[in-house]
Amino acid sequence: MPEAPEKNLALDIVRITEAAALASARWLGRGDKIAGDHAAVQAMRVGFSTLNIDGTVVIGEGEKDNAPMLANGEKVGRGGDLALDVAVDPVEGTNLLAYGRPNAISVIAVSPQGSMFNPGPSFYMQKLVVGSEARDVVDIDAPIRANLKNVAKALGKSVQDLVVFVLDKPRHQRLIEEIREAGARIQLQTDGDVIGALMAVDPRSEVDIMMGTGGTPEGVLSACAIKGLGGQILARLDPQSYVEKETINEAGIDLREVLTVNNLVRSEDCFFAATGISGGDFLRGVRYSTGHAVTHSLVLRGKTGTLRYVESYHNMDRLSKFSAVQY
């Protein structure tokens, strides 16, 4: 049966990511990641207080890095009949923001209550992310060369034409060597694997595939966007310390299980928004001028697959007269 258009929550949550970006961008390059993160957290709290939702933070931030918290289990929204799982990262890439590097973003995803994977005590997971054309040709246990060959074939490219996003971390030394040996190109970034996942599935981006170990919460958060765009994420929990591994085992979580996009977000009715903070080729950062600021965002509704790129002009003089957010 045909359906009338429903409320697109992504257009509500993008106002919150915009506010968080505007608040935190004042700290660009000032060397204080805690202050920048705190500004974004406070802006998000104010933004959520305007929504008629019964939201529970399933994917919060701060625990791993001892940062200002929008903690797991925290309730957000005014309440009501719309019960939602909420995933947030007020500043995805706090070091990028603090040191004036590109691609720090503010991110929110929501889906029906009970539909998001709860990572429990897991901080890190191995990830492989591709767009819709290559979603059925990858295998997290296959050799790197084989995955690159299969993705290239699916995209109608040569392996030499591929761009692979990898976090520039010591743990990825062998991965980087294998990608280079296969002949593919690499885009390295010090932090921010949500942006890497977004690049891998966004049709505008030059990135074709994301590989490597990053944050488990970030994997669930990015899965909402991956699902909406028809891509795939294959993931396996990958503890980076003995304590993390033992805590996961004690929680009864299977470290061998391969998780897919449908395991991480079990509903098509998901929504995602991201706003650029520090800028970059993917999402431009906050630009200030006399009395105004400009933000650039990506907005996605999972059910329809509709992707919007939003450029917003904010009258800061007017906002400062009444807004509870400190811009």
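You'll find the side chain of L307 reaches within 4.5 Å of the side chain of P203, heavy atoms only. Within the 4.5 Å cutoff, no side-chain heavy atoms of L9 are placed close to those of R301. Within the 4.5 Å cutoff, no side-chain heavy atoms of H314 are placed close to those of V294. With contacts defined as side-chain heavy-atom distances shorter than 4.5 Å, the pair E218/D89 qualifies. The closest side-chain heavy-atom distance from V265 to F117 is not below 4.5 Å.
Salt-bridge check for D32 with R30: failed, with every basic side-chain N at 4.0 Å or more from each acidic carboxylate O. By the 4.0 Å N-to-carboxylate-O rule, R174 lies close enough to E181 to be salt-bridged with it. The pair R171-D238 fails the salt-bridge criterion, with no side-chain N (NZ, NE, NH1 or NH2) lying under 4.0 Å from an Asp/Glu carboxylate O. Remark: E74 engages R45 in a salt bridge, criterion side-chain N to carboxylate O under 4.0 Å.
Other residues, nucleotides and ligands place more than 12 heavy atoms under 6.0 Å from the CD atom of E311. Under a cut-off of 6.0 angstrom, the local environment of CG in D81 is sparse, with at most 12 non-hydrogen atoms contributed by other residues, nucleotides or ligands. Remark: K153 NZ is loosely packed, at most 12 non-hydrogen atoms of other residues, nucleotides or ligands lying under 6.0 Å away.
Take D139 and apply the salt bridge (Lys or Arg N to Asp or Glu O under 4.0 Å) test, not counting sequence neighbours, and it matches no residue.
Only one option out of L162, V130, V137, D161 pairs with L155 in a side-chain contact (heavy atoms from CB on, under 4.5 Å); it is L162.
Summarising the geometry, atom CG belonging to L11 is positioned 9.0 Å from atom CZ belonging to F271; distances are rounded to the nearest 0.5 Å.
Among residues at least two apart or in separate chains, side-chain hydrogen bond (donor to acceptor under 3.5 Å, both in side chains) pairs with a member in residues 273-291 are T17-T275, T275-S297. Listed by first then second residue, pairs satisfying salt bridge (Lys or Arg N to Asp or Glu O under 4.0 Å) with a partner in residues 185-205 read K127-D193, K169-D191, D202-R204, not counting sequence neighbours.
Cluster annotation: V201 is not connected to V310 through the hydrophobic network of ILVMFWY side chains, with a link wherever side-chain heavy atoms come within less than 4.5 Å. Put simply, L259 and I209 are part of two different groups of oily side chains (I, L, V, M, F, W, Y) that touch within less than 4.5 Å, one to the next.
Using a 3.5 Å distance cut-off with no hydrogens or angles, the side chains of S122 and T216 do pair a donor with an acceptor.
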